[in-house]
Amino acid sequence: MRLSIDVTLDYVVKDPADILLQIEAAATPDQRLEHQSLTIWSDHPVTAVAGEEGIGQRCWVRADHGLIARYEAIVAIDRPMVRLEGLGATPARGLGGALIPYLLPSRYCESDRLEGFVRRRFGGLSGGAMAAALADWVGTRLIYQAGTSSGMTTALDTFGSRSGVCRDYAHLLVALARAAEIPARCVAAYAPGVDPPDFHAVAELWLEGGWHLVDATGMARADEIAKVCVGRDATDIAFMTVFGEAQLCDQRVTVKRLD
């Protein structure tokens with residue numbers, strides 16, 4: 001699968017501010033960057049720093065009056081589709097240090113508050129069978145609806161409201177998976193078919209010794225998702241973090257299948 005990605009950001013800032021951008025597709029073993037170009041209009045140097053887990057990169061930008069950025073890329077994805085049900089679990093005691101943060105509660109994924117629900121509703125399941133059941137539950141119980149959540153909405157809030165956008169679906173699936181002792185993390189991504197077109201968020205679950213992408217919204221398959229970055233929750237994968245105040249003028253994200 002080859003994807004064409006085109007992003008435009010246009011923001012104004014009230015006062016000069018530092019901005020951390022995270023919009024470039026990552027180069028990973030299962031996705032290759034055939035072309036990419038990031039243009040940022042700024043009077044200050046732009047500094048690139050590594051993303052979480054060394055996946056992707058962030059860019060520091062200094063904005064005196066505003067931020068205008070344009071990103072274009074062609075990404076070739078070579079990621080097989082895997083049935084979760086056939087994957088085994090890794091006992092918690094067998095997890096390495098790098099995986100432990102993805103087994104613990106985080107700011108937006110309060111997995112400790114959902115352990116009782118997981119035991120009652122999904123008792124007897126483990127590994128891929130558990131992961132598939134959790135993804136199906138989130139996908140069928142939530143209503144995708146813009147405006148029902150905010151940047152402060154947590155997985156527990158979404159569990160109660162039963163509605164949200166891709167960020168909320170990802171948070172809830174990640175929190176439920178961690179409650180089931182499956183390491184899980186959030187992934188910022190690009191994918192075709194996202195409606196409305198925008199930056200996308202999905203989950204990634206650790207099963208049988210590897211990470212597996214899961215989009216609980218059902219809008220994207222694992223073999224057509226271009227990963228940008230990974231992290232514990234939205235804190236780590238935000239496409240733009242402003243250390244100050246910014247106002248949106250224009251934001252466009254277009255992702256197309258090329259073959």
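Atom set for the values below is all heavy atoms of this structure, side chains included, hydrogens, waters and symmetry mates excluded.
- A donor-acceptor pair under 3.5 Å is formed between the side chain of His171 and the backbone N or O of Ala234.
- Hydrophobic clustering, with ILVMFWY side chains joined whenever heavy atoms are under 4.5 angstrom apart, keeps Trp60 apart from Ile68.
- At distances below 3.5 Å, not a single donor-acceptor pair connects side-chain atoms of Arg79 with backbone N or O atoms of Ala226.
- The structure places OG of Ser126 at 10.0 Å from CG of Leu207, a figure rounded to the nearest 0.5 Å.
- Closest heavy-atom contact between Ile55 and Ala26: CG2-CB, 3.8 Å.
- At least one side-chain heavy atom of Val7 sits under 4.5 Å from a side-chain heavy atom of Phe199.
- For the pair Asp215 (side chain) and Val202 (backbone), a donor-acceptor distance under 3.5 Å is absent.
- Enclosure of atom NE2 in His44 by more than 12 non-hydrogen atoms of other residues, nucleotides or ligands within 6.0 angstrom is indicated.
- Within 6.0 Å of atom CD in Glu181, 12 or fewer heavy atoms from other residues, nucleotides or ligands are found, so the atom counts as exposed in its surroundings.
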* Step by step, would you call Asp15 with Glu245 a side chain to side chain contact (heavy atoms under 4.5 Å, CB included)? -> CA-CA 7 Å; Asp15 298 303; Glu245 297 182 20; over 6 Å; no
* Show your working on side chain to side chain contact (heavy atoms under 4.5 Å, CB included) between Asp43 and Arg62 and close with a plain yes or no. => CA-CA 8 Å; Asp43 293 329; Arg62 180 67 176 177; over 6 Å; no
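- Not a single donor-acceptor pair under 3.5 Å links the side chain of Thr8 to the backbone N or O of Arg252.
- Minimum heavy-atom separation, Thr153 to Asp168: CG2-OD1, 3.7 Å.
- Phe159 and Val174 end up in different hydrophobic clusters when Ile, Leu, Val, Met, Phe, Trp and Tyr side chains are linked at under 4.5 Å.
- A cation-pi arrangement is present between Arg167 and Tyr108, with the terminal nitrogen or guanidinium carbon under 6.0 Å from the aromatic centre and inside a 45° cone about the axis.
- Looking at every heavy atom in both residues, Leu125 comes nearest to Ala129 through CD1-O, 4.2 Å.
- More than 12 heavy atoms of other residues, nucleotides or ligands lie within 6.0 Å of CE in Met81, so this atom counts as buried by the packing criterion.
- Annotation: the span from Leu103 atom CG to Arg178 atom CZ amounts to 8.5 Å, rounded to 0.5 Å.
- With contacts defined as side-chain heavy-atom distances shorter than 4.5 Å, the pair Cys59/Leu38 qualifies.
- Interatomic distance, Arg32 CZ to Ile77 CD1, rounded to the nearest 0.5 Å: 11.5 Å.
- Between Tyr169 and Tyr144, the ring planes lie tilted relative to each other; the angle falls in the 30° to 60° range.
- Sparse packing is recorded around CZ of Arg113, with 12 or fewer heavy atoms of other residues, nucleotides or ligands lying under 6.0 Å away.
- With contacts defined as side-chain heavy-atom distances shorter than 4.5 Å, the pair Glu110/Asp112 qualifies.
- Considering every non-hydrogen atom in both Pro101 and Ala98, the closest pair reads CD-O, 3.5 Å.
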* Tell me, with the steps shown, if Val75 and Tyr190 meet side chain to side chain contact (heavy atoms under 4.5 Å, CB included). => CA-CA 10 Å; Val75 183; Tyr190 295 110; over 6 Å; no
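- For the pair Arg232 (side chain) and Arg107 (backbone), a donor-acceptor distance under 3.5 Å is absent.
- The existence of a salt bridge linking Arg58 and Glu52 is confirmed by a sub-4.0 Å separation between a basic side-chain nitrogen and an acidic carboxylate oxygen.
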* To do: Test side chain to side chain contact (heavy atoms under 4.5 Å, CB included) on Asp236 and Cys186 and set out the steps.
  => CA-CA 8 Å; Asp236 297 330; Cys186 291; over 6 Å; no
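- Taking both residues in full, the closest heavy atoms of Ile237 and Val230 are given as CG2-C, 3.5 Å, listed atom of the first, atom of the second, then distance.
- Residues Val138 and Met219 share a hydrophobic cluster, clusters being chains of Ile/Leu/Val/Met/Phe/Trp/Tyr side chains in contact below 4.5 Å.
- A chain of hydrophobic side-chain contacts below 4.5 Å, direct or via other Ile, Leu, Val, Met, Phe, Trp or Tyr residues, connects Leu67 to Val228.
- Between Tyr102 and Leu95, the closest side-chain pair of non-hydrogen atoms is not below 4.5 Å.
- Between the OG atom of Ser4 and the CG atom of Leu258 there is a distance of 5.0 Å, given to the nearest 0.5 Å.
- Residues Met130 and Leu173 fall within the same hydrophobic cluster, defined by Ile, Leu, Val, Met, Phe, Trp and Tyr side chains chained together at heavy-atom separations under 4.5 Å.
- Atom OH of Tyr11 and atom CG of Leu248 lie 4.5 Å apart (nearest 0.5 Å).
- Side-chain contact between Leu114 and Leu156: present, with at least one pair of heavy atoms (C-beta onward) separated by less than 4.5 Å.
- With respect to Arg70 and Asp6, a salt bridge is recorded, a charged nitrogen being found less than 4.0 Å from a carboxylate O.
- In this structure, Glu53 and Trp211 have side chains that are not in contact, with every pair of non-hydrogen atoms separated by 4.5 Å or more.
- Remark: side-chain polar atoms of Glu208 are paired, donor with acceptor, to backbone N or O of Gly88 under 3.5 angstrom.
- For the residue pair Glu24 and Tyr71, no side-chain donor N or O sits within less than 3.5 Å of a side-chain acceptor on the partner.
- Between Ala179 and Ser111, the shortest heavy-atom contact is CB-O, 3.5 Å.
- Atom CG of Asp250 sits in a crowded spot, with more than 12 heavy atoms from other residues, nucleotides or ligands closer than 6.0 Å.
- Between Val194 and Val255, the closest side-chain pair of non-hydrogen atoms is not below 4.5 Å.
- Side chain of Glu224 to main chain of Arg257: no donor-acceptor pair is present (N/O by atom type, distance under 3.5 Å, no hydrogens or angles).
- Within the model, atoms CG of Leu213 and CG of Asp223 stand 10.0 Å from one another, a figure rounded to the nearest 0.5 Å.
- Side-chain contact between Trp137 and Leu172 is present, with heavy atoms from C-beta onward closer than 4.5 Å.
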